[in-house]
Enquirer: 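Take this structure first; my questions come after.
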Amino acid sequence: MKILVTGASSLPGYKCVVEALSRGHEVVALHFTHEIPCEHRALRKIRLDITDTMRLKDLIVKERPEIVYHIAAYGDVDGCERDRRKAWKINVEATVALAEASELVNAFVVYLSTDYVFDGERGMYREDEPPCPVNYYGLTKLMGEVAVMSRCSRWAVVRASSIYGLGPGRKNFAKFLIEKLSKGEPVKALVDQYTSPSNSKLLAEALLEIGEYAKTGVFHIVGERMSRYEFAIRLAETLGFDKSLIGEAHMSDFKWFAKRPRDSSLSYEYTRGRMLVDFYSNARAFSVLKEEYEAMLKR
């Protein structure tokens with residue numbers, strides 16, 4: 001199959017590209033600010049600002065991909081709150097353009113969304129529950145979901161949560177912990193904020209399965225519910241770091257510009273029943289992280 005991936009230099013985008021190539025697909029990978037650290041005979045890398053919606057549309061129509069993975073986004077939660085125009089252009093307007101162009105070529109669109117479409121008042125949100133974002137980032141991602149659902153006849157919305165792993169892209173919580181704990185430096189982690197962390201490699205496997213089988217609907221590709229503190233402890237245990245370096249912190253300790261959900265954990269029972277890949281097991285997810293870490297040490 002011919003696959004187009006936006007945001008291919010981000011961690012989830014890069015893992016999606018690598019997974020697609022490993023399955024024998026031809027990949028057109030879009031990036032803008034950062035390079036894609038990958039070379040392959042079946043990979044073409046194109047530098048494109050997705051807010052240039054005319055060029056984005058022209059490219060999709062010209063390439064005629066069978067699957068489009070829309071992973072590019074402005075993911076800085078505070079940045080979205082401060083610069084709403086930028087957030088809207090990247091997360092909404094570009095998504096509308098991508099959806100319209102993909103429909104013209106009958107491509108199956110897989111849109112990567114977020115747990116932040118929910119308010120976080122109680123957690124364990126199901127795939128079919130009505131979203132209610134509490135910050136502008138969550139609102140723009142929700143509008144992206146709406147754009148794909150309303151403009152595409154063949155689509156899937158995949159919500160992930162606290163995506164982590166080793167690879168390119170901005171620093172995620174696992175990267176931060178590894179950098180600090182490997183040097184014997186203390187860290188603090190929240191005990192009162194809960195998510196359902198998504199391992200980036202397992203997320204990529206799930207994304208490819210959804211696209212290859214054209215599975216329509218809303219999917220929650222996440223791990224088991226845990227606090228940031230519980231995640232940090234589990235990471236330290238898995239990678240052999242000193243757990244005593246991890247201290248407790250509370251949401252009230254942080255002066256964020258944008259409001260954060262307290263418990264944006266997602267239920268995955270419906271999704272689990274539709275998928276072949278084991279994306280939800282923390283045991284497997286942390287085993288994958290350990291493999292990535294050991295491979296990194298060998299390089």
Side-chain angles (χ1 to χ4, degrees), residues 2-21 25-38 40 43-53 55-57 59-60 63 65 67-77 79-80 83 86-102 107-117 137-138 140-145 147-148 152 155-172 175 198-208 210-211 219 221:
K2 187 175 189 179
I3 290 172
L4 186 143
V5 181
T6 71
S9 60
S10 68
L11 179 64
Y14 170 75
K15 291 294 178 71
C16 185
V17 168
V18 171
E19 183 66 24
L21 291 171
H25 297 299
E26 177 187 353
V27 180
V28 178
L30 308 188
H31 65 107
F32 183 53
T33 306
H34 303 289
E35 297 297 324
I36 306 168
C38 180
H40 194 280
L43 171 66
R44 282 193 296 121
K45 297 183 279 189
I46 298 175
R47 188 174 186 274
L48 183 143
D49 180 353
I50 62 170
T51 64
D52 185 347
T53 55
R55 188 179 171 211
L56 176 62
K57 281 186 170 184
L59 178 67
I60 292 171
E63 294 292 341
I67 309 172
V68 173
Y69 288 98
H70 186 30
I71 295 174
Y74 184 32
D76 181 339
V77 179
C80 286
D83 192 343
K86 177 180 179 181
W88 190 266
K89 283 175 64 68
I90 297 173
N91 294 347
V92 183
E93 291 180 4
T95 304
V96 169
L98 177 141
E100 291 175 346
S102 297
F108 186 83
V109 176
V110 183
Y111 173 74
L112 184 61
S113 191
T114 172
D115 54 338
Y116 272 35
V117 298
Y137 166 68
T140 59
K141 291 300 291 180
L142 175 58
M143 291 301 98
E145 291 187 7
V148 168
C152 299
W155 59 269
V157 167
V158 176
R159 295 183 185 134
S161 173
S162 301
I163 299 171
Y164 70 92
L166 298 179
R170 56 197 176 93
K171 188 178 295 186
N172 58 73
K175 277 187 184 179
S198 301
N199 179 283
S200 57
K201 185 179 187 303
L202 301 184
L203 173 61
E205 292 178 12
L207 288 171
L208 264 294
I210 289 168
F219 299 83
I221 306 298

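By convention here, the first residue in the shown sequence is residue 1. Small disclaimer: the values here were computed from a predicted structure and weren't measured. What you see below is based on every heavy atom in this structure, not just the backbone, and it leaves out hydrogens, waters and symmetry mates.
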Enquirer: Main chain of Ala72, side chain of Thr6: is a donor-acceptor contact present, judged purely on distance under 3.5 Å?
Expert: yes
Enquirer: Applying side chain to side chain contact (heavy atoms under 4.5 Å, CB included), run through Ile210 and Phe108 and close with a yes or a no.
Expert: CA-CA 10 Å; Ile210 289 168; Phe108 186 83; 4.3 Å; yes
Enquirer: Checking the side chain of Lys86 only, and the main-chain atoms of Gly79 only, is there a donor and an acceptor separated by less than 3.5 Å?
Expert: no
Enquirer: Check Lys201 with Glu205, please: is the shortest side-chain N to carboxylate O separation under 4.0 Å?
Expert: yes
Enquirer: Only distances under 3.5 Å count here; give the side-chain donor-acceptor pairs of residues 25-35 to other protein atoms, sequence neighbours excluded, each with its distance to 0.1 Å.
Expert:
| unit_1 | atom_1 | unit_2 | atom_2 | d |
| --- | --- | --- | --- | --- |
| His25 | ND1 | Met1 | N | 3.3 |
| His25 | NE2 | Glu212 | OE2 | 2.7 |
| His31 | ND1 | His34 | O | 2.9 |

Enquirer: Determine yes or no for a side-chain-to-main-chain donor-acceptor pair under 3.5 angstrom, with Lys141 supplying the side chain and Tyr116 the backbone.
Expert: no
Enquirer: Out of curiosity, Ile71 CD1 to Cys16 SG, how far, rounded to the nearest 0.5 Å?
Expert: 4.0 Å
Enquirer: Provide the closest heavy-atom pair for Tyr137 versus Gly75 in the form atom of the first, atom of the second, distance.
Expert: CE1-CA, 3.7 Å
Enquirer: Roughly how far apart are Asn91 CG and Met143 CE, rounded to 0.5 Å?
Expert: 11.5 Å
Enquirer: Only counting residues at least two apart or in another chain, list the ones meeting ring pair (Phe, Tyr, Trp, His ring centres under 6.0 Å) with Tyr111.
Expert: His70
Enquirer: Just how far is it from atom OH of Tyr69 to atom CG of Leu208, taken to the nearest 0.5 Å?
Expert: 4.5 Å
Enquirer: Any side-chain to backbone donor/acceptor pair from Lys89 onto Ile50? Under 3.5 Å, distance only.
Expert: no
Enquirer: How long is the gap from OG1 on Thr95 to CD on Glu145, to the nearest 0.5 Å?
Expert: 10.5 Å
Enquirer: Grab the two heavy atoms, one from Val109 and one from Cys152, that are nearest each other, plus how far apart they are.
Expert: CG2-SG, 3.8 Å
Enquirer: Step by step, would you call Glu19 with Leu207 a side chain to side chain contact (heavy atoms under 4.5 Å, CB included)?
Expert: CA-CA 9 Å; Glu19 183 66 24; Leu207 288 171; over 6 Å; no
Enquirer: Considering non-hydrogen atoms only, spot the tightest contact between Leu56 and Ala94 and give its length.
Expert: CD2-O, 3.7 Å
Enquirer: Just so I know, are the side chains of Ser113 and Val148 near enough to count as touching, which here means a heavy-atom distance under 4.5 Å?
Expert: no
Enquirer: Testing the basics here: between Ala156 and Phe219, what is the closest heavy-atom pair and its distance to 0.1 Å?
Expert: CB-CE1, 4.0 Å
Enquirer: How many angstroms lie between CD1 in Ile163 and CG in Asn172, if you round to the nearest 0.5 Å?
Expert: 9.0 Å
Enquirer: Within the side chain of Ser198, is there an N or O that forms a donor-acceptor pair under 3.5 Å with the backbone of Ile221?
Expert: yes
Enquirer: Evaluate the side chain to side chain contact (heavy atoms under 4.5 Å, CB included) criterion for residues Lys15 and Leu203: first the C-alpha distance (whole Å), next the side-chain angles of each, then the deciding distance (0.1 Å), finally the verdict.
Expert: CA-CA 8 Å; Lys15 291 294 178 71; Leu203 173 61; over 6 Å; no
Enquirer: How far apart are the closest heavy atoms of Val68 and Ser102, and which atoms are they?
Expert: CG2-OG, 3.6 Å
Enquirer: Taking Ser200 for its side chain and Tyr164 for its backbone only, find out whether a donor-acceptor pair lies under 3.5 Å.
Expert: yes
Enquirer: Taking all atoms of both residues into account, what is the closest heavy-atom pair of Pro65 and Ile60, and its distance?
Expert: CD-O, 3.4 Å
Enquirer: In Å and rounded to the nearest 0.5 Å, what is the CD1 to OG1 distance from Ile90 to Thr140?
Expert: 9.5 Å
